[in-house]
Every structure is written in structure tokens, then in C-alpha cells.
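Below is one structure, written out as C-alpha cells; comments come after it.
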Amino acid sequence: AIGQGERWAIGLEEATPTQRLTWRIEGAGRSYREIDWESNTLPNRLQISSSYSYTSTRFGAMSVAYARTTAFDQGYLSTMSASYAIRLGPRGSASLTANRVVGKTSGYTIGLSLLFALEKGITLTSNTTQTAGQTDTYVSASRPLMTDVGTSWRALSGTKSGVVYGEGGIYYQGNKGQLSADVSASAAQKTWRLGAQGGAVLMDKRFFATRRIENSFALVDVPHYPGIQVSFQGNNA
């Protein structure tokens, strides 16, 4: 045996339908090692973490958390975070987050996000984040594939690291394959991407064009009964 070490932990958790509180403190001796650690890897001397969250159908949801890690030879690192989210009308929501790190590395991040679900499956999103005095923001709109065969799209515009950029794409899924077109542009670079996916199956001496094959498949033949629908797990094949 290389040696002996000790590790200990104490925790507390309390939860109700609207609130949750957790608290935990743990520590280890300098000679403590996990089985898969390298021999020169030191444990954290002390770790403290706590969190509190509250949820209300009327006032939204909020949470705060704190964690502090103290190492034997690398100082400490503390992390504080807070978040708040609330519904905006029947189809919208807003969330605010803040994070602060103090210790051997320091910094902060503040973010605000807005989301609105419009008609016909369209989702509109706005996000603003500030990190160390730099602000990044974007607005995006998207519509996912609403049926098994159809078209979906996305569009985004904003600034990142002080550079204005935009991107978007349109996608078509059919019975025989998938087509996609994406574009992104900034002052320094413009990129176009075109894609196509599909498959071909040889079965019963015939070729069948199909979407990309990722799972098993089957050919169903019912003589004298054309147009019969075949389903798998409730979905038409």
C-alpha cells in the first residue's frame, strides 16, 4: 500500500413543493487518494457548497448557489450564482442569470434571455451576455420540422466579441432523403454549406430510395391489397 488517508463529508437537504435547500461540506487529508488518481495528485482540502431555490406559479422561479474549494497548494476558488425566470404571458418567458468567480482566476457573467413561442411553431429568442466588460447579443428565430415530411428553418443575427455576424439555414426532409443549406457571414468570413443525405436499399431484387439508414428496416408486401398503411409503434412507416 502507498499510504493511508481520510476523507469526510456532512450534508443537509430539505425540500418542499416550492422550496429546496441543500448544504454540504467535505474535506480530505493531504495523503488521501482515489483509486484511479495519479500518485502526485492532491485532493481538495475543503469543499463547501450550498443552494436554495424557490418556485411559484405566480412569481416565477429563483435560485442562488455558492461553492468554495480550497486546495492544499493552489489557494481557493469561490463561485457564486443566481438565476430568476418568469413567464411573460401565455407564450413567453424571461430568465436572468449572474455568475461570479473569485480566487486564482476571477471573472463574472451576466445574462438575460427572452423566449416567445409564436404561431405555426415559430420560436423567437433574444439573448444578451456580459462577461468582463464585453457584451455579446443575438436575436434568433426558428421553426422545427412540424410533420414527418416538410421544411424547417433557422435565422440568427448578433454581435460576438465586438464582431457583427449572422447565420441561417433551411432544411427539407422527404420520404427519399434530406436536403440542407446553411450560410454564415461576418466581416472577416463568409461560409456556405450544402448537404444531402439519403440511402438506397436492395431488397427482393429491387432498389428503393430512402432516408439515411440508421436502424433496421423491412419490406412489407400484401398481395392484392394495395395502399395498406404500415405502422411501427404508432407511426406510419
Side-chain angles (χ1 to χ4, degrees), residues 1-57 59-86 93-115 125 127-138 140 142 144 154 156 158 160-163 165 167 184 212-216 233:
I2 297 176
Q4 294 182 342
E6 68 282 344
R7 179 176 179 270
W8 57 271
I10 302 174
L12 173 67
E13 180 175 349
E14 182 178 0
T16 69
T18 59
Q19 301 181 74
R20 185 171 183 265
L21 174 66
T22 64
W23 176 83
R24 181 180 176 87
I25 179 171
E26 59 184 280
R30 189 180 184 91
S31 58
Y32 176 82
R33 299 291 187 275
E34 297 284 351
I35 294 178
D36 58 344
W37 286 7
E38 297 290 340
S39 59
N40 58 350
T41 300
L42 292 176
N44 291 318
R45 185 174 66 180
L46 187 66
Q47 297 181 81
I48 302 173
S49 62
S50 61
S51 66
Y52 172 77
S53 62
Y54 173 81
T55 303
S56 169
T57 56
F59 299 107
M62 60 83 66
S63 66
V64 292
Y66 172 80
R68 181 184 175 98
T69 300
T70 304
F72 278 99
D73 56 355
Q74 296 183 3
Y76 74 94
L77 187 68
S78 295
T79 304
M80 295 156 281
S81 63
S83 66
Y84 177 70
I86 189 171
S93 64
S95 61
L96 177 65
T97 60
N99 298 278
R100 173 68 170 164
V101 177
V102 178
K104 53 186 177 182
T105 60
S106 300
Y108 73 91
T109 301
I110 300 175
L112 173 64
S113 297
L114 301 174
L115 185 146
T125 304
N127 184 277
T128 300
T129 304
Q130 186 178 63
T131 303
Q134 177 178 292
T135 301
D136 297 334
T137 182
Y138 71 83
S140 67
S142 63
R154 66 181 183 89
L156 182 148
K160 186 176 183 179
S161 300
V163 177
Y165 75 103
E167 60 183 55
S184 61
R212 178 179 177 180
I213 299 171
E214 298 179 346
N215 299 305
S216 59
Q233 295 182 347

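All of these numbers come straight from a predicted model, not from anything done at the bench.
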Is there a side-chain contact between L42 and R30 in this structure, where contact means two heavy atoms from C-beta onward sitting under 4.5 Å apart? yes
Rounded to the nearest 0.5 Å, what separates atom CZ in R45 from atom OG1 in T70? 6.0 Å
To check you understand the geometry: which heavy-atom pair defines the closest contact between I25 and W8, and what is its length? O-CZ3, 3.8 Å
Going from CG on L156 to OG on S184, what distance comes out if it is rounded to the nearest 0.5 angstrom? 10.5 Å
CD1 of I10 to CD1 of I48: how many Å apart, nearest 0.5 Å? 11.0 Å
For the residue pair G29 and P43, what are the closest heavy atoms and their distance? O-CG, 3.3 Å
For a quick check under 3.5 Å, do S63 and S53 share a side-chain donor-acceptor pair by atom type? no
Which heavy atom of E6 sits nearest a heavy atom of Y32, and at what distance? O-CB, 3.6 Å
Examine the side chains of Q74 and Y76 and answer whether a donor and an acceptor come within less than 3.5 Å of each other. no
Closest heavy-atom pair, F59 versus Y84, reported as atoms and distance to 0.1 Å, is O-OH, 2.6 Å
Do E167 and R154 have side chains that approach each other closer than 4.5 Å (heavy atoms only, starting at C-beta)? yes
Modelled atom types, side-chain donor and acceptor of T55 and T18, under 3.5 Å: no
Are R20 and Y52 in a cation-pi setup, meaning NZ or CZ lies under 6.0 angstrom from the ring centre and within 45 degrees of the ring axis? no
Within a strict 4.5 Å, meaning less than it, do heavy atoms of the E26 and R7 side chains meet? yes
Taking N99's backbone N and O only, do any of them form a donor-acceptor pair with T109's side chain (distance below 3.5 Å, no angle check)? no
Closest approach of N44 to F72 (non-hydrogen atoms, all atoms of both residues): C-CE1, 4.2 Å
Decide side chain to side chain contact (heavy atoms under 4.5 Å, CB included) for T125 and S140; before the verdict, give the C-alpha distance in whole Å, the side-chain angles of both, and the deciding distance to 0.1 Å. CA-CA 5 Å; T125 304; S140 67; 3.5 Å; yes
Is L77 close to T105 at the side-chain level, that is, under 4.5 Å between some pair of heavy atoms? yes
Here the pair of heavy atoms bringing L114 nearest to A94 is CD2-CB, 3.5 Å
A side-chain contact here means heavy atoms from C-beta on lying under 4.5 Å apart; do Q134 and D136 qualify? yes
Quick one: are Y108 and Q130 in side-chain contact, heavy atoms under 4.5 Å? yes
Do any N or O atoms from the side chain of T16 and from the backbone of Q19 form a donor-acceptor pair under 3.5 angstrom? yes
So do the side chains of L112 and N127 get within less than 4.5 Å of each other, counting heavy atoms only? no
So how far is it from K160 NZ to T135 OG1, rounded to the nearest 0.5 Å? 14.5 Å
Taking side chain as C-beta onward, heavy atoms only, is S49 less than 4.5 Å from Y66? no
Looking only at side chains, do T22 and S51 share a donor and an acceptor under 3.5 Å apart? yes
Tell me whether R33 contacts the main-chain N or O of T41 through its side chain, where contact means a donor paired with an acceptor under 3.5 Å. yes
